[in-house]
Amino acid sequence: MKLVKTVAELRKEIALAKRQGLSIGLVPTMGALHAGHASLIEAAAKENDFVVVSVFVNPTQFAPNEDLDAYPRTLAADCVLAEAKGAAVVFAPSPKEMYPSADMTWVEVTGNVTKVLCGRSRPIHFRGVTTVVSKLFNLAQPDRAYFGQKDAQQVEVLKRMVKDLFFPLELRVMPIIREADGLARSSRNTYLSEKEHDAALVLNKSLREAEAAFAAGERDAAKIVAMVTAAIEKEPAAEIDYVELHGLPELTPAVSPLKGTNLLAVAVKFGTTRLIDNVVLEEK
Ligand code: PAF
């Protein structure tokens, strides 16, 4: 496996792979790789000949009051994991390499899909994500790109971007990977104290309860949201950012009685750590 840090080196690797007729899988990450990322790399290695894992803590998707500086950076360990799961290249550029101009060129998806859920409390976040992912798509020219369902809104935003900008690739979405106790894997879980970690189990628990209620026939969106909100509020360490239900695709407003496919998503703070989780409620 090769670790490359510059755009020029990555372009060389990609050109070589293309000349050999290899299909390319891209796994964009911000590093601090965990079992969730491992599942993306594994899927990419199964479905493509040549896998690129990018490791870049993207400054443009963090607001000034967020955790850009504190975000865990573990490149050596990331390379070991990426190689073990089948990556051919880890691309770990500097911010200067990814953003060479002092003035910005943005790629921005507009509308409801970027305004609801995390878009409300993190208004510049998705513009940063779509800008950096466009750059990575242009550089790696993947046949397939891999993202986790844990970031369900990011997935919807990126689907729109791929469609609107005609990126010639398939967006592959992999299921949420959880710890044995049910907490969704996230690089931010490392911020949690043991007590906060235990408190955060309420997220998976309340989403499973909502899923069971839906399976038992509950179709009232407000009731499902109220049920999850009440369960999370019982946990004193939890501070809710949102508990919301939206229609898929594109996060349109959920209408009761619920029909088709809907996303129940939560963002909750435990101490200074903000976690997200979700479940898709789908009529079978
Ligand atoms: O999901 C992430 O880790 C990031 O938002 C991504 C897609 C790597 C862009 O920086």
Side-chain angles (χ1 to χ4, degrees), residues 7 10 25-41 43-44 51-63 66-75 77-79 81-82 85 87 89-99 104-109 113-114 117-119 121-140 142 144-162 165 167 169-177 184-191 265 267 273-278:
V7 164
L10 178 62
L26 171 68
V27 184
T29 83
M30 297 208 300
L33 301 184
H34 51 66
H37 299 111
S39 77
L40 303 182
I41 303 168
V51 173
V52 177
V53 175
S54 63
V55 172
F56 180 61
V57 184
N58 174 35
T60 63
Q61 67 190 75
F62 290 79
E66 293 181 349
D67 57 340
L68 173 63
D69 293 336
Y71 200 86
R73 287 158 170 89
T74 59
L75 183 59
D78 293 346
C79 287
L81 186 139
K85 297 298 168 192
V89 166
V90 166
F91 175 50
S94 67
K96 186 91 192 104
E97 192 72 16
M98 283 306 269
Y99 295 101
M104 282 293 306
T105 298
W106 293 112
V107 174
E108 184 168 15
V109 170
V113 72
T114 50
L117 302 174
C118 291
S121 50
R122 307 186 73 191
I124 64 156
H125 175 69
F126 290 112
R127 185 184 68 169
V129 170
T130 42
T131 298
V132 82
V133 171
S134 299
K135 287 170 181 267
L136 292 168
F137 284 176
N138 284 330
L139 291 172
R144 296 171 198 86
Y146 294 78
F147 298 90
Q149 171 65 20
K150 189 179 77 71
D151 300 305
Q153 184 173 18
Q154 171 170 281
V155 165
E156 291 309 309
V157 172
L158 290 174
K159 279 183 186 164
R160 255 281 296 291
M161 180 186 88
V162 165
L165 298 185
F167 277 112
L169 56 87
E170 187 188 345
L171 219 146
R172 302 278 291 128
V173 184
M174 296 294 135
I176 299 176
I177 303 292
R185 294 273 183 174
S186 163
S187 304
R188 291 190 167 96
N189 290 355
T190 57
Y191 298 154
T273 307
R274 182 177 174 280
L275 299 179
I276 57 173
D277 203 344
N278 68 78

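Counting starts at 1 for both ligands and their atoms, following the listed order.
Inspection of the Asn58 and Tyr99 side chains reveals an N or O donor paired with an N or O acceptor under 3.5 Å.
Within ligand 1, the atoms closer than 4.0 Å to a non-hydrogen atom of Asp151 are 1 (O), numbered from 1 in the order shown. Ligand 1 places these atoms under 4.0 Å from at least one heavy atom of Thr29: 8 (C). Every atom of ligand 1 is numbered from 1 in the order shown, and the set under 4.0 Å from a heavy atom of Val132 is 9 (C), 10 (O). Of all the atoms in ligand 1, the ones that sit under 4.0 Å from a non-hydrogen atom of Gln61 are 4 (C), 5 (O), 9 (C), 10 (O).
Here Gln154 pairs with nothing under the side chain to side chain donor-acceptor pair (under 3.5 Å) rule; sequence neighbours left out. Evaluation of the salt bridge (Lys or Arg N to Asp or Glu O under 4.0 Å) rule for Glu170 yields Arg144, Arg172 as partners, not counting sequence neighbours.
The protein heavy atom nearest to atom 3 (O) of ligand 1 is Met30 CG, 3.6 Å. Counting only heavy atoms of the protein, atom 7 (C) of ligand 1 lies nearest to Gln154 NE2, 3.5 Å.
With a 4.5 Å cut-off on side-chain heavy atoms, Val52 and Leu10 count as touching.
Smallest separation of non-hydrogen atoms from Pro72 and Thr190: CG-OG1, 4.0 Å.
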